[in-house]
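What follows is a set of notes on a single structure, which appears directly below.
The chains referred to below are lettered A, B, ... by the order of the sequence lines, with proteins before strands, and numbering in each begins at 1.
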Amino acid sequence: MKHLLLLIERELKLSMRNGYIFGLISLFSTLFFLLSTIIPNPNIKEISTIFLVVLFISNTVFAGNIFKDDQQDSSLQQLVSAGHGNMVVVLAKFTSYSMISLSMSGIGTILLAIIYKLHISEVIFYSSILIATSIFINSISILSAALTLTLKNGILLLLIATPLYIGFLLYAITLISAHTTLYSSNNLDSISLITLFAFCLIAVPLAFFSCSYIISEIE
Amino acid sequence: MITCENLTLKNSIFTVFSGLSFSVLPSSALLISGPNGCGKSSLLKMLAGLIKHHAGKIYWNKTDITEDIYSFQKNVCYIGHKNALKAELSVIDNLKFWTRFKGEEELLDAAISFFQLNKILDIEVGLLSAGWQRKVELSKLLLFDTGLWLLDEPEQHLDSNSLNLLLELITTKTREGRGVVIIASHNPLKIHNSHKLELLDFKQ
């Protein structure tokens with residue numbers, strides 16, 4: 001646990017220093033602003049969709065760097081050979097990058113709640129979708145980042161991750177659409193959210209174990 | 001003591017080496033030399049448990065390292081030919097991280113003073129010369145104080161004074177019987193109680 005916290009602290013510190021957080025927030029804000037201006041007076045459904053799409057694009061752009069920096073300066077080798085196991089390194093990477101994405105989702109939900117004067121049940125619904133999407137996107141991102149290390153190119157990021165990203169994204173957008181229709185019910189919302197988090201429950205351990213294996217195979 | 005029996009390493013195209021067997025006794029050093037591509041660095045990574053051997057066994061104090069690789073790795077200090085330092089962080093931030101992650105807090109001052117890093121502690125690693133960066137990296141040898149040092153071209157970028165410091169450190173390690181040192185290098189380093197292993201280029 002001590003080593004995990006130490007690695008998370010290091011990841012966050014490095015993300016601040018090397019401009020990862022600044023780059024991610026800048027890209028996110030720019031895209032969000034540009035897409036929002038295309039639609040005049042966007043409603044809650046449209047703005048949430050834009051938010052999810054922008055979250056997806058910004059994570060895709062930055063996903064390749066999750067392990068690459070540490071591999072290039074051989075820090076990854078020393079971290080892995082320190083005797084604490086690969087999983088600690090993968091878990092720290094996942095946690096720190098999820099913290100960044102979740103912070104952005106959290107800020108997004110608060111802004112939506114203020115702008116659209118959402119009821120508390122609405123806030124819970126939208127924040128659940130944003131949290132689940134962030135977790136799923138980060139799982140796939142970290143897996144793709146590890147895969148790109150082994151094949152030394154980014155093509156797998158497009159071939160494997162993008163369909164998964166887009167599939168999940170479309171599902172999340174469909175949930176928001178269904179939620180905003182007159183026929184939506186609390187039961188339907190609950191089932192939809194449970195399904196969404198079930199995907200995350202599959203994606204997170206799959207990403208951890210796959211990443212851990214991939215990193216152990218890197219020469 | 002580290003013992004290797006019939007080690008084989010293959011890459012996707014050819015066999016890098018095969019049937020490699022040797023032992024390095026406590027309090028001694030092994031200098032690995034050979035032409036480019038003969039597998040010196042790969043052998044060190046294999047000994048550090050970073051890459052898997054396709055055949056053969058590696059024993060650390062008579063125990064197969066694959067039985068509990070993480071426990072074995074706690075005894076290893078692997079210094080590759082690149083410096084595992086973050087250019088964006090200061091020297092002290094880098095050292096503090098590694099001290100807390102693998103080393104011992106009480107050894108930090110000794111590591112800093114041995115390589116005379118006091119004057120550069122607050123400077124970002126990326127702003128230092130290659131020689132100073134190497135000295136910061138090598139100071140991990142003192143921070144970790146493990147029983148097995150695996151060094152891949154540790155002398156690169158060092159001036160003659162720094163090289164003498166490194167040789168003194170390795171000699172002290174072996175002379176005081178505090179572990180095993182294995183070095184891959186093209187240069188003939190003068191180290192107390194050292195033996196040589198020359199790898200051949202199988203491709204030729």
Name the atoms and distances for all side-chain donor-acceptor pairs under 3.5 Å in residues 20-33 of chain B, with sequence neighbours left out.
from: B:S21; atom 1: OG; to: B:N6; atom 2: N; distance (Å): 2.8
from: B:S23; atom 1: OG; to: B:T3; atom 2: OG1; distance (Å): 3.2
from: B:S28; atom 1: OG; to: B:L25; atom 2: N; distance (Å): 3.4
from: B:S28; atom 1: OG; to: B:L25; atom 2: O; distance (Å): 2.5

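- Chain A forms the most heavy-atom pairs under 4.5 Å with one residue out of B:E88, B:K102, B:K86, B:R100, and that residue is B:K86.
- Open room surrounds NZ on B:K96; 12 or fewer heavy atoms of other groups in view lie less than 6.0 Å from it.
- With hydrogens and angles left out, the side-chain atoms of B:K82 and A:Q77 include no donor and acceptor closer than 3.5 Å.
- Ring to ring, B:Y70 and A:H84 are not that close: their centroids are 6.0 angstrom or more apart.
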Give the intermediate values and the outcome of side chain to side chain contact (heavy atoms under 4.5 Å, CB included) for residues B:W98 and A:Q78.
-> CA-CA 10 Å; B:W98 285 107; A:Q78 280 197 13; 3.5 Å; yes
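- Proximity to chain A involves both the backbone and the side chain of B:I79, based on heavy atoms less than 4.5 angstrom apart.
- For chain B, the nearby part of A:L14 is the side chain; its heavy atoms alone come within less than 4.5 Å.
- Using a 4.5 Å cut-off between heavy atoms, B:Q133 makes no contact with chain A at all.
- Interface residue B:D93: only side-chain heavy atoms are found under 4.5 Å from chain A.
- A distance of 4.5 Å separates CG in A:L7 from CZ in B:F101, rounded to the nearest 0.5 Å.
- Among pairs with a residue in residues 105-150 of chain B, none fulfils ring pair (Phe, Tyr, Trp, His ring centres under 6.0 Å), at least two apart in sequence or across chains.
- When every heavy atom of B:A48 is checked against every heavy atom of A:S81, the shortest pair comes out as O-CB, 4.2 Å.
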